[in-house]
Structure formats: C-alpha cells, structure tokens
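In the text below, chain A, chain B and the rest are named by the order of the sequence lines, each starting its count at 1.
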2 protein chains.
Amino acid sequence: MELNERKLRILQAIISDFIHSAEPVGSRTISRKYDMGVSPATIRNEMSDLEQMGFLTHPHTSAGRVPSAKAYRLYVDDLMERHELTDEAKQTIRQQLDTNIMEFDKAIEQATRILSEITNLISFAIAPTSEEERLKYVNILPANEDTVVMMIMAESGNLSNAMIKLRVPYTEEKLALLSKVITYNFRGKKLDDILRTDIIRSFETDIEALNRLAEFVMPSFLSTLEDILNVELYFDGLTNIFSIPEYNDMERAREMLSMVNRKKDFADILLQRDSGTIITIGDENDFESMHDCSLITATYRINGKLAGKLGVIGPTRMRYSEITSVIDYMTDYLNQAFQISDTEDT
Amino acid sequence: MELNERKLRILQAIISDFIHSAEPVGSRTISRKYDMGVSPATIRNEMSDLEQMGFLTHPHTSAGRVPSAKAYRLYVDDLMERHELTDEAKQTIRQQLDTNIMEFDKAIEQATRILSEITNLISFAIAPTSEEERLKYVNILPANEDTVVMMIMAESGNLSNAMIKLRVPYTEEKLALLSKVITYNFRGKKLDDILRTDIIRSFETDIEALNRLAEFVMPSFLSTLEDILNVELYFDGLTNIFSIPEYNDMERAREMLSMVNRKKDFADILLQRDSGTIITIGDENDFESMHDCSLITATYRINGKLAGKLGVIGPTRMRYSEITSVIDYMTDYLNQAFQISDTEDT
DNA sequence: GGTTAGCACTCACTAAGAAAGAGTGCTAAC
DNA sequence: GTTAGCACTCTTTCTTAGTGAGTGCTAACC
C-alpha cells in the first residue's frame, strides 16, 4: 500500500493533535479541526490503512487512533517542521547560561535546569567522559590550622578540590613545594594512568618533611582523581512527571523515576549512544524498561575534545520539534562557550 | 479525665502499631497483639476516652483509631524509648561520611543521601548561614590560554571556585600579584560587607596592567561571593515518596514534592527553626501546607560557629525514635569532624 | 473507483445498588 | 469495672446498567 499525500497529511494531523492532547484522535476530530476536505468516513478508511501499515494503533476498538513508534519515527525524520526558537527564547537561554562566570560543570547543571523548565520533561546531562583527561597542575593551599585544600586542574579545565585534614604541621612554603613536586611528577599524564601506577613508589622526594606531608595528601589526591574520572550525572525536572498524563498512573511514575534513579545504569545507556542529536523512540530503545519512552540526547564538547551529553526523557508523545531545537541551541552555545581558542570580541 | 497507666499503654500500643502499619488500629488488634490483659471491649472504652481527650481520631465511625498530632507529641516527649543505634549502623554512617577527604559541603550532601537511605523519607540539609563569614584569601590560577580559575577561601573553610574567561593576556605572575592585592584589600572582611561596598572604587592599584585584569575578574569575584552567601539547599530521597502509603494519592504526592521544590520557601522555613533537634508534628508547623507532615531538624556546626541544618520531612506517622537517633548521630559526627581545633589522635 | 451517509457494534467510563468485612458504640449481665 | 452480644456505620469490592465516543461495514452516490 502506498503512503500517499493525503495519508501523510492525515497522519501528520493525528500526530500533532495527539502530541498536544494526549488523547486518542478520532476521525471526526481530524475532519473538524484540520479541514481535510473529506468526510470522517473517508478519513476512517485512511486511518484503517495507516493502522495496517503500522503507523497507528488502537487502544481498543472504539477508541481513536494513537501514533505508533514507527509513526513518530516518520514524523521526526520527514514530516515535522524545523522549529525556530524565538529571539526571546534564545536570549533567555543565553542569559541564564552565562558562561563567563561559570565552570563548565556548573554550566552543565544549569543547562539541565533550564532544559527541564522549557520542556516540562525530565532533563539530564552527563559530564564529559574524561578518559583522555590529563593533569595540568596540582595546587595545595592552606585552609585552616590543620586543614589544607588541594586543587586539581585537568588540561580540559576540569577542576576539582579536596579538603585534607593533616595530622602534621605545615607551612605555606612546604605546601607550595609539595604542589610543585606533585605537578612535576604527574603533569601531562592521563589521570587514568596516574591512578593505575603504584603511586607510593613512583612518587619520591628526598626531602623528609615533604614525604611526611605527602603521606597525608596522596590518598586524597587519588580519590579526587577518581572523582574527576567518575562520570557525573545531572537530573532536573523530576517533579514534571506529575504533569505528564502518561504518568498519571502511580505505578508508571514510580517506574520512570526508579529508572532514572539507577544512575549507574542510566549513565551507561547515555554513554553508549552515538554522538550528535539522537532521538530514540519507544522500542527503538535497547532497554525493555524504556519501551514507552523517548530519549533525545545531543552531544556538547569542551575544547572540541571531551564530549558530554545533554537531553530529555519522556513519553513517546513529546514535542520533538521544539525540544530538539532547544537542545541543539543549548549544545551549540555550550560548544562555543567552552571552546579553548574562543577569540570572538564583544 | 485522667491519663492513667493503662490509657498510656494503650495509646503507646496504638501509636507504635500505626507507625508500622499505616492502617487505623482496631481494639481487637491491640488486645491480640499487645497482651493488655483486658478484652477488646474494655480497650474500646479506653480508646473512646482517649479520643475525647484529643489523642486519637477516627477517619470514620467504623474504622480503627489513628493517633493525632497531640498523641505524637506526647509520644515524642514522654513515651518513646530512646533508640540506640547499633554499632554497625554507626560504622556505616561514619564510613560513608569519611570527612578526611571531603569539603564540608560535599559531606553535607553525602549526609543527606545517607539520611534518606536510612529513613526512607525525604531528607534535606541546609548549608551553614554565613552572615558572619569572612574572607580568608583569594587565589587566581591559570586554567587555559584565556581562562583562569579563582578560588575564594572563607575563614570557615568554605571554598568556592569560579572560572573566568579573560579577554586580555595574562601571566602567572600577574595573577599571583592580583590575588595578593585582592586578598590584601579584603582579608578578614565579612563577605556581606564586601558585597555592599562600591567595589570598583574601593579597589585600586597603581599598576595599570593589573587594573585591566581586575576589570574582568571583579564581577566574577562578586558573583562568587554571592554564591557562597546563598544558602545552599540539598535534597535526597525524593522518590521515597512512592513507598510511603500516605502519598499513594497522586495529588498528595505532587503537593509534597512541590512544597519541597519551592526551595526558597522551604529554606526560609528551615532558617526560622530553633537550634538543636526539633520535631514539629502536623499542625504544629506554621505552614498550612505542612499540616499533615512532620519535620525533624537538627543543627550541625562548622568550627563551632556557622550552623546549618539537617533533617527529614515525611508524614506525621514516622519512626520518630530511630530517625532522631540517626540525625543526632550524624550531626554529632559532623560537628566533631569540622571542629577547627580537632586535636584527637588516631 | 473513490466518497459518503447510515447504522450496528464495541468498549471504556460512570453511577447506582448489593454484599462483605472491619470496627465501633451501646446495653445488659457478670 | 469488665465483658459478651449485637445492632449499626461506613468503606471496599463487585455487579449491573446506561452513556457516549468512535469504529467498521454496507449500500448508495457522484
């Protein structure tokens, strides 16, 4: 059977109606609202064809039609019009994502927040995977009498701190010296590799007092490196679930949130996805538990290299067009903002 | 009417049964499970008295009894036995809260997580209010070619970073100098006061190049100070709401989460509370929307001065005894861990 | 041959009624 | 003061019937 012009128009009408109403769409609704120029009966015939072709389903005999994953796929690939963000929308995003005063992890967190606010879905972001991450320098500074703070800077600009409680006295000079020694030893090495070396052996200085300090500092150094390497996962808009009709059922809402709560698993799902803006709809998702969700992710880059992901998860019925536009705009913006050789002039 | 021995025993039985079952408790249940030595009829009479005294209510004529806020108050003040944490429980908490390698804000965040896991309720913490917070030093370090990172250390050990994108070239020496100048200018001053001064005027150096750098740095400096002063609010265990029978009703679950989502308001509620371990039950809470919740908060201190709060929110039916023990143990531990003159030897 | 009106049919949803079960409240006897 | 007995209340669950939205089929129409 052929997917002719009229069938496409009807399908499109059904999809956009359903996306907004969340109610199965009947033939009369279409003929009334979308001015097809044919009677409901004709539309019914077409709908019946579309159903046979796998684009529509029936919750039950006497209900209207609901788009299938296949229909959304067609819609996303061919039918939907590209949504252009208004200038105000763009400006709001830029303002709230003011990257001049943010480290990128804060910016990502903020992006997640904005995204859930705009889309009314659950949004998430995963920080860049940093297997290639290399150490830039370490800096140890005094905090209190018996506490120091260690800053670890990675080449990408990824930054992490640790407070370390020392059991030995220190002076600022010694800290500075120790920082230099550690930096000298490990600069330019992959964090991953540093973690794998037998650090206690590889690290040796002839200065006794420094070694004593290092004894306290090294464990924190390692665990902080681990922290940096751990993929950080951000979520926002979890309570939006209450305004999504698909999750009016307590059981489904719980299921959704518990899926999102198994952060390790969810991070794996994200890490496995290809780069670029990817939409997976319903059973296109590899995981059983996501068979009636859609997932949209896009990749952002820090300095053109490290890549993280930003996206939303929700019911298959979602406003794909607007949402992808927002996500794309945000990732574009982040890419620019965290480009190392950003030489634009303002 | 007098609250005699037997009435108290019955009340206690009802409360502990209801705390675990979440079902209205009938006279037969009490006589069967708690071996009162009297018949259900007698217990019914006593229950009727207790109801008249305001300790019990009736969802409807033919249901069992449910403790009122007044009953929980009595229970919390007089009836409940102090719950002693097991050594394993204590050890688990200590292990997970390993403060040797954490700044206090991470520790607080972690504490919130542990608390919700143990209690199966929604837990929260508010970072110390820092009106008295004073600047210790500022340190600006290179990050990338055109980006630097500014570290602001407060006297309490509160630490904050900002990445700053410069539009002018810099050298490490200049950054170090600028750090020193800023530190020199503002060291020991209240963050609050620094924010209020006309910073551009008050801050002047005769070195032209430095001024140019400062131009880019100062806005970030200020906004980071603001960040530190903003009370940070942590939540965890939000999805626990699905396993609490009181929130089986979608509407109530949403209400609960939306209350907790209005972070500003919720922070205000917390800030208004007295210090120490405070339990407010049902309509003892000032806010209408919290009239069927109980709130338990405890105060922790950083360096004996700055005080934040840690606690849980849930239905009035909660395991007060265990929960307060856990919270108290955690705050005690935090107090010790972040005591400035901690001289214990291990 | 495509289009349409007409109509029987399906199925979710709602309301109303009936039956069951848990628990109270009262009374009268112990 | 305590208890057994029993009527009564109210929720919960299960039926049953009615309603309405929407389909699917057929026969007529252009």
**Asked** How close or far is atom C1' of C:dT10 from atom NE2 of A:H58, stated in whole angstroms?
**Response** 10 Å
**Message:** Tell me the interatomic distance from A:D249, atom CG, to C:dA12, atom P, rounded to whole angstroms.
**Reply:** 16 Å
**Request:** Indicate, yes or no, whether a donor-acceptor pair under 3.5 Å links the base of D:dT9 to the side chain of B:T61.
**Result:** no
**Message:** Check the phosphate of C:dG25 against B:R65, side-chain N and O only, distance under 4.0 Å to OP1 or OP2. Yes or no?
**Reply:** yes
**Prompt:** Can you tell me how far the NZ atom of A:K33 sits from the CG atom of A:D35, to the nearest 0.5 Å?
**Reply:** 13.5 Å
**Prompt:** Toward the 5' end of DNA chain D, which comes first, B:E46 or A:M47, by nearest nucleotide?
**Reply:** B:E46
**Fill in**
Separation of D:dG22 atom C1' from A:R44 atom CZ, nearest Å, is 8 Å
**Request:** Check the distance between C:dG2's P and A:E5's CD and give it to me in whole angstrom.
**Result:** 17 Å
**Request:** Identify the nucleotide, in any strand shown, that forms a Watson-Crick or G-U wobble pair with C:dC30, with both distances under 3.5 Å; if there is none, say none.
**Result:** D:dG1
**Item:** OP1 or OP2 of C:dT4 under 4.0 Å from side-chain N/O of A:T42
**Value:** yes
**Item:** Distance in angstrom units between A:I43 CD1 and D:dT23 C1', rounded
**Value:** 13 Å
**Check ion pair B:K90-B:E84 (N to O, under 4.0 angstrom)** = yes
**Prompt:** OP1 or OP2 of D:dT3 sitting under 4.0 Å from any side-chain N/O of B:R28?
**Reply:** no
**Request:** Please give the nucleotide sitting opposite C:dT4 as a Watson-Crick or G-U wobble pair, both distances under 3.5 Å, or none.
**Result:** D:dA27
**Item:** Intermediate values then yes/no, salt bridge (Lys or Arg N to Asp or Glu O under 4.0 Å), A:R252 and A:E255
**Value:** CA-CA 5 Å; A:R252 295 196 58 190; A:E255 216 171 84; 5.7 Å; no
**Prompt:** Atom CG of B:N45 to atom C1' of D:dT3: distance rounded to whole Å?
**Reply:** 9 Å
**Request:** Looking only at side-chain atoms of B:A41, point me to the closest of C:dT4, D:dT2, D:dT3.
**Result:** D:dT3
**Prompt:** From D:dT2, C:dG23, D:dC10, pick the nucleotide closest to the side chain of B:H60?
**Reply:** D:dC10
**Message:** Rounded to whole Å, how long is the line connecting atom CD1 of B:I30 with atom C1' of D:dT3?
**Reply:** 18 Å
**Request:** Classify the side-chain pair B:N285/B:T280 by whether it contains a donor and acceptor separated by less than 3.5 Å.
**Result:** yes
**Message:** Would A:L233 and A:L270 count as a side chain to side chain contact (heavy atoms under 4.5 Å, CB included) here? Give the steps.
**Reply:** CA-CA 10 Å; A:L233 193 57; A:L270 296 185; 3.8 Å; yes
**Prompt:** If only side-chain N and O atoms of A:S62 are considered, is one of them under 4.0 Å from the OP1 or OP2 phosphate oxygen of D:dG22?
**Reply:** no
**B:E51 CD - C:dG23 C1' separation (whole Å)** = 13 Å
